[in-house]
Amino acid sequence: MADSSKKMQIVFASAECAPFVKTGGLGDVAGSLPAALVRAGAEVIVMVPKYATIKDEYKAQMEHFSDFYVSLGWRNEYCGLEKLEHDGVTYMFIDNERYFARDYPYGFFDDGERFAFFSKAITESLQHLPAGFECDILHCNDWQTALAPVFLREFYQGLPLYDRVKTVFSIHNVAFQGQFSDTVMEDILGVAHIPAAASQLRCDACSINYMLGALRYADAITTVSPTYANEIQTPEFGEGLDGVLRERSYALQGILNGIDVAGFDPATDKRIAANYTVEDRSGKAVCKAKLQEELGLEVRDDRPLMVMVTRLTRQKGMDLVMYALDRILAGGVQVAVLGTGDRDYEDGLRYFQDKYPGTMAARIEFDPALSQRMYAAADMFLMPSKFEPCGLSQIIAMRYGTLPIVRETGGLKDTVIPYNEFTGEGTGFSFTNFNGDEMGDAVFRAARLFWDNRDAWNQLVTQAMSQDFSWTRSADKYLDLYFFMHPEIERPAAVVDEPEAVAEPVAAEEPKTEEKPVEAAPVKAEPEVKVEVTPEPEPEVKTAAKPAAKKTATRKTTAMKTTTTKAAASKAATASKAATASKATAAKATTTRKRTTAAAKKAAEAEVVPEVKAEIAEAKPAAKATATKAAPKAATKPAVKVKEAAAEPKAKAAVEAKPTAKTTTRKRATTTAKKSTTKAAAAKAEAKPAAVKEEPKPEAKPKPAPKTAPKATAKAEPKVEPAKEPPVSPAAATEKKAPSKKTSVRKATATRKRR
């Protein structure tokens, strides 16, 4: 039974978290996802190390909440919990100055020990949380928290407080795994005496892998994009962990990251030269001119400006950039790069800056404010990564109306729709292989569109800026996972409402749901036609035929509108419907036209006998008759389908009509005779059905009225058909006679004998 009173309570553990400490995408995720989860109705506590680099303004807001000791191997280490409320989210900072009071978050010789302590402190602190908070989900991120699921299972499982805790481990970059000497297993982790743990952590004879432990111990595994989730199960991208990821593929899924759309908003961003929106992008031109001036580039709006804000590493595709940069700069594209990294790439960028003054600018530094100005000012954003789990830069670029040029890998493939010159679709440009020439070609595809077709370029910018990359969707998918792991907790209504609001872009499906009733309306109208015809002549026969007639009418009309005629079963049903309809029309005709002379009958019989079958077969289905009326004029495809459909059931209809043919042959002959003799009257009657021909569906409207004038309706239907059929019948009649030759011969002989 679901508990409606309890909220989903999540502990989110990360080694970095914006705005307190951030070195990459992990900090952005930890800074945005918990807030989105809180908005969706969950309770979240974020656990982060209390680094010395956290700004004093945040430290001043922290309050000491709790302290305890954490056993780490043979030692006991102090752990303090410093609590801070920020934007509706509760943050708990793990305080231990020996491990975290340093100038940088990580990159030290004892990182293995530092983050083993962090993982153990996370699991230990679950029993020191605020009153009423019982952790349901422990969500760990990357190798720095990867040991928490291991410790929870080996040291805490079985304790009442920990029994309900389910663990989720998110891979943000499988290349960083936390590999250390196996000596830490006993000295620091204290698991050497546990064979299961020791074997599952070991990655080779003399080292252990923190991430490997999480992949084996966590209840669920996620990564930051669907494509990356597939890629890391292959040797090319799995970095040695592809085997265990394939083993646990049933527990692995990719959930695309979002961005903080309020923080990255060109309409309100205070860090850029001028604000602008999707509708009015004049401010973007101002931003471009200001940046060109700031970086020492030529201030020209007729040259595309391409930027990179990145770490200068091989993973980010810097090999391709160094290979193709000469060609790109010589081709007239301005380039600006911001970032730090490998010395070779830094020196290479400085070389190109000296070689192409006014066209190339390199800023070898980390400057968040400058990065925002570059996102806003540029025309294109280059991101040719060798692999990219998700990537936020290309999403931010699109938010600011800067078209990304990316390699089709990981999250880049999932977020950037390549431009299609034929349909105009797309949000950027892409290339497939990790190849410098392909990258250069993609850059010039974008540049040529900028130069040659500015309207198409502007439309592409509009499409890119209109994309929804908010955290709301991502948070909803994480909640799907959490509630799947805890089915006893009822999902709040607020969470169900939010996906609907997010699903607004899928409004294209709504017309489809509207179309269905439109189709259903005529389907309902046609059975009504049959019902009105049936009460007049023979109620006994009609009552039996009604259900079949209604069903077949419904099936038939929908089939004709969507595809070709239905299967033989529906055709047979249509034949029986046709037989009953023909009886109705024949009975009406006989009652209204018995005043004609016998001489007229005989004179007409000779002409009509060969066409009796074709006329009767076509007169039977009311819906078909109106469609065939419109056919000679409009010559539309539906009319052809109706004729083909009518030709086959005709034979069956004639065969089924045999038992009644003997008693009603004279009536039919009389009817058809009167049809031919009154062709002049039929020509006059055409004026009335003209409206009916143009709109076959409204037949339902004229037929309720005929109760006061039955003769008019009786004439309107049969007369129009013979008037139209004779011009077509010489060819059509021979085609239609083919399926029922024997029947027509017998009837022709019968009429001759009568004469």
Item checked: Step-by-step salt bridge (charged side-chain N to carboxylate O under 4.0 Å, His left out) determination, Arg98 to Asp110 -> CA-CA 11 Å; Arg98 190 162 83 84; Asp110 60 345; 5.9 Å; no
Margin query: Closer than 3.5 angstrom, by distance alone: can the side chain of Arg271 be matched with the main-chain N or O of Ala369 as a donor-acceptor pair?
Written below: no
Check: Do the side chain of Ser125 and the main chain of Ile122 share a donor and acceptor less than 3.5 angstrom apart?
Finding: yes
Next item on the list: I would like to know whether Val309 and Ser371 meet side-chain contact (heavy atoms from CB on, under 4.5 Å); could you show each step before the answer?
Entry: CA-CA 6 Å; Val309 178; Ser371 71; 3.8 Å; yes
Next item on the list: With sequence neighbours excluded, give me every ring pair (Phe, Tyr, Trp, His ring centres under 6.0 Å) pair touching residues 160-182.
Entry: Trp143-Phe180, Tyr156-Tyr162, Phe180-Tyr210
Notebook entry, point to check: Does a side chain donor of either Asp414 or Thr227 reach within less than 3.5 Å of an acceptor in the other side chain?
Noted result: yes
Margin query: Check Asp111 with Arg114, please: is the shortest side-chain N to carboxylate O separation under 4.0 Å?
Written below: yes
Notebook entry, point to check: Restricting to pairs with a member in residues 22-47, which pass ring pair (Phe, Tyr, Trp, His ring centres under 6.0 Å), not counting sequence neighbours?
Noted result: none
Check: Does one side chain, of Asn433 or Glu438, offer a donor that lies under 3.5 Å from an acceptor on the other?
Finding: yes
Next item on the list: Could you name each residue pair satisfying salt bridge (Lys or Arg N to Asp or Glu O under 4.0 Å) that touches residues 148-157, not counting sequence neighbours?
Entry: none
Margin query: Here's a test for you: under side-chain contact (heavy atoms from CB on, under 4.5 Å), which of Tyr99, Phe93, Tyr106 qualifies with Tyr51?
Written below: Tyr106
Next item on the list: Tell me, with the steps shown, if Thr409 and Glu231 meet side chain to side chain donor-acceptor pair (under 3.5 Å).
Entry: CA-CA 8 Å; Thr409 183; Glu231 287 178 343; 3.2 Å; yes
Next item on the list: Determine the minimum heavy-atom distance between Cys17 and Val48, stating which atoms define it.
Entry: CB-CG2, 3.8 Å
Check: Going by atom types alone, do Thr183 and Ser181 pair a side-chain donor with an acceptor below 3.5 Å?
Finding: yes
Next item on the list: Decide side-chain contact (heavy atoms from CB on, under 4.5 Å) for His486 and Lys166; before the verdict, give the C-alpha distance in whole Å, the side-chain angles of both, and the deciding distance to 0.1 Å.
Entry: CA-CA 8 Å; His486 276 289; Lys166 300 291 183 185; 3.5 Å; yes
Check: Would the number of heavy atoms belonging to other residues, nucleotides or ligands and lying under 6.0 Å from NZ of Lys83 be above 12?
Finding: yes
Check: Taking the six-membered ring for Trp, are Phe237 and Tyr228 ring centroids under 6.0 Å apart?
Finding: no
Notebook entry, point to check: How many angstroms lie between atom CD1 of Ile171 and atom CG of Asp142, to the nearest 0.5 angstrom?
Noted result: 8.5 Å
Notebook entry, point to check: CZ/Arg216 to CD1/Ile221 distance, rounded to the nearest 0.5 angstrom?
Noted result: 10.5 Å
Next item on the list: If a pair satisfies salt bridge (Lys or Arg N to Asp or Glu O under 4.0 Å) and one of its residues is in residues 204-215, list it, with sequence neighbours excluded.
Entry: none
Check: Counting heavy atoms not belonging to Tyr104, are there more than 12 under 6.0 Å from its OH?
Finding: no
Margin query: Check the orientation of Phe151 and Phe155. Use parallel for under 30°, tilted for 30 to 60°, and perpendicular for over 60°.
Written below: parallel
Next item on the list: Name all pairs fulfilling the salt bridge (Lys or Arg N to Asp or Glu O under 4.0 Å) condition that reach into residues 40-68, sequence neighbours left out, sorted by first residue then second.
Entry: none
Margin query: Please evaluate residues Thr90 and Glu85 with respect to the criterion side chain to side chain donor-acceptor pair (under 3.5 Å), reporting the C-alpha separation (whole Å), side-chain torsions for both, the decisive distance (0.1 Å), and the verdict.
Written below: CA-CA 5 Å; Thr90 302; Glu85 299 280 346; 3.0 Å; yes
Next item on the list: Give a yes-or-no answer on whether the side chains of Ser393 and Tyr375 include a donor-acceptor pair shorter than 3.5 Å.
Entry: yes
Checklist line | Least distance between heavy atoms, Gly258 atom then Leu392 atom | finding: O-CD2, 3.5 Å
Check: Looking at the rings of His86 and Phe20, which for Trp means the six-membered one, are their centres under 6.0 Å apart?
Finding: yes
Next item on the list: Give the minimum heavy-atom separation between Pro384 and Leu320, together with the two atoms involved.
Entry: O-CD1, 4.1 Å
Checklist line | Stepwise side chain to side chain donor-acceptor pair (under 3.5 Å) check, Asp219 with Thr167 | finding: CA-CA 5 Å; Asp219 295 308; Thr167 52; 3.3 Å; yes
Margin query: Please determine whether side-chain contact (heavy atoms from CB on, under 4.5 Å) holds for the pair Lys477 and Leu256, giving the CA-CA distance in whole Å, both sets of side-chain angles, and the decisive distance to 0.1 Å.
Written below: CA-CA 9 Å; Lys477 294 198 172 175; Leu256 198 63; over 6 Å; no
Item checked: Heavy atoms from other residues, nucleotides or ligands near CD of Glu97 exceed 12 (cutoff 6.0 Å) -> no
Notebook entry, point to check: Is the closest side-chain donor-acceptor distance between Thr340 and Glu346 under 3.5 Å?
Noted result: no
Check: If you measure from the Lys or Arg side-chain nitrogens to the Asp or Glu carboxylate oxygens, is any gap between Asp269 and Arg399 under 4.0 Å?
Finding: no
Next item on the list: Please determine, by modelled atom types, if Tyr400 and Asp265 share a side-chain donor-acceptor pair under 3.5 angstrom.
Entry: no
Item checked: Heavy-atom pair of closest approach, residues Leu189 and Ala116 -> CD2-CB, 3.6 Å
Notebook entry, point to check: Do Arg39 and Asp87 meet the salt-bridge criterion of a basic N to acidic O distance under 4.0 Å?
Noted result: no
Next item on the list: Provide the closest heavy-atom pair for Val150 versus Ala214 in the form atom of the first, atom of the second, distance.
Entry: CG2-N, 4.3 Å
Check: Are Ser430 and Glu408 close enough that a side-chain donor and a side-chain acceptor fall under 3.5 Å?
Finding: yes
Checklist line | Pairs where residues 119-138 contributes a residue and the test salt bridge (Lys or Arg N to Asp or Glu O under 4.0 Å) is met, not counting sequence neighbours | finding: Lys6-Asp136, Asp136-Arg164
Margin query: Would you say OH of Tyr69 has more than 12 non-hydrogen atoms from neighbouring residues, nucleotides or ligands within 6.0 angstrom?
Written below: no
Item checked: Test applied, salt bridge (Lys or Arg N to Asp or Glu O under 4.0 Å); reference residue, Glu388; option that passes from Lys316, Arg407, Arg311, Lys413 -> Lys316
Next item on the list: Could you point out which residue of His139, Met92, Met47 forms a side-chain contact (heavy atoms from CB on, under 4.5 Å) with Val11?
Entry: Met47
Checklist line | Audit row: Trp471, Asp260, side chain to side chain donor-acceptor pair (under 3.5 Å) steps and yes/no | finding: CA-CA 7 Å; Trp471 271 105; Asp260 178 8; over 6 Å; no
Next item on the list: Considering non-hydrogen atoms only, spot the tightest contact between Ser225 and Pro389 and give its length.
Entry: OG-O, 2.7 Å
